Amino acid sequence: MLSCIRVRGLFTTSYPMLDSPPPTYHLPTLYKQREVGLADVLDRVLNKGVMIQGDAIISVADIPLIRLNIRLLISSESTYQKSLLS
Amino acid sequence: MSICLYAMCADNGAFDLPVLKELLTAHALLTMQKEGLMLVYLEAGKLPNLTTTATQYDQIITHLSYYTTALPVRFPTLLQDLPALTHWVERNQMAIQEKLTNLAGKVEYTLLLRNTQAENDIASLPALPTTTVGKYLKQKLAEYQPIIHKENIVNAFLAQYLPIFAQNSTQHKRLAPAQPDIIWEAVFLIEISHLPAFLPILETNFDLPPTIHLAYSGPWVCYHFATL
């Protein structure tokens, strides 16, 4: 029997209950068993992690206008999208 | 050419493994050795679109973490060029190495308490006189009682179970709940070797009101604990 728990409206990690074989705690297996929603992934990827500050940075996702040092320029999300196309 | 930095990893030789070489090649990722680190990046012009790449990004970081300690960088972080990146790494080398050491062999789990009951049903309000003051008090009680009720549930839960969670985790952080039905949310940093002790706890029956449920997600790469 599996227990499924909802987080933010989406099914997440399922783990075997006690009446089934002992669970495997091998990390890749746990990652594979993990079922997470896009919102959870984006919340972590876009809002967490190392935030590099300083002159070297061009943009981060949640700041539409981005400060650059004198070598660079002020840009925007739309400019960023255009730069990806060019 | 501007670059998109994905992760800073411990340079433990894992990047010589064919499986990692294949992963990097499949996603057009490049690596650079610097100060005992392996920097994983992509030429920014190769980013397809933000949503697709963001989900791929998590998969890549997760895959990297099987073989080495990966410090995820907030996505997308674009840098002017490689010299800009190396300059930044040189300035922050100590902090990066320290963080990689602290996060080695650890993953994070999110735990949350969700209330499935509508807020205005949480507690019945006491009978109060129908005077102006009585009406005012009733209005304020209606406003604050659900908050107090939720806080009481959370406090009782934390008093009973937080020491048990904490015993099997290295560190935890309380998060601001992302949705109104979530009354408590926290992320726990757990050593992989402690997972056999930690995960069964989450499957036990918690002493909670019938409308409150504990949910969890994980394992995740240590996004919440990667701040330098």
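Hydrogens, waters and symmetry mates are skipped; everything else that's a heavy atom, side chains included, is used. Given the structure is predicted, the values throughout are model-derived calculations rather than measurements. So that the names make sense, note that chain A is the first sequence line, chain B the second, and so on, each numbered from 1.
- Heavy atoms of Leu195(B) lying under 4.5 Å from chain A belong to its backbone as well as its side chain.
- Annotation: the span from Asn92(B) atom CG to Ile52(A) atom CD1 amounts to 8.0 Å, rounded to 0.5 Å.
- Between the side chains of Ser217(B) and Arg44(A), no donor-acceptor pair is found at a separation under 3.5 Å.
- The part of Val187(B) that comes within reach of chain A is its side chain, from C-beta onward, which places non-hydrogen atoms under 4.5 angstrom from that chain.
- Between Gly49(A) and Ala226(B), the shortest heavy-atom contact is CA-CB, 4.1 Å.
- In Lys173(B), the NZ atom is crowded: over 12 heavy atoms of neighbouring residues, nucleotides or ligands sit closer than 6.0 Å.
- When all heavy atoms of Leu46(A) and Ala54(B) are compared, the closest pair comes out as CD2-CB, 4.5 Å.
- Within the 4.5 Å cutoff, side-chain heavy atoms of Leu30(A) are placed close to those of Leu199(B).
- Only the side chain of Leu5(B) has a heavy atom closer than 4.5 Å to any heavy atom of chain A.
- Side-chain N or O atoms of Arg74(B) include one that pairs as donor or acceptor with a backbone N or O of Asn47(A) at under 3.5 Å.
- Here Lys48(A) does not pair with Glu108(B) in a salt bridge; the nearest charged N to carboxylate O distance is not below 4.0 Å.
- The structure places OG1 of Thr55(B) at 7.0 Å from CG of Leu42(A), a figure rounded to the nearest 0.5 Å.
- Of the two parts of Val107(B), only the side chain, counted from C-beta on, holds a non-hydrogen atom closer than 4.5 Å to a non-hydrogen atom of chain A.
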Is there a side chain to side chain contact (heavy atoms under 4.5 Å, CB included) between Lys99(B) and Val50(A)? Walk through the geometry before answering.
CA-CA 10 Å; Lys99(B) 187 60 75 174; Val50(A) 175; 5.9 Å; no
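- Closest non-hydrogen pair, Tyr31(A) versus Trp220(B), comes out as OH-C, 3.6 Å.
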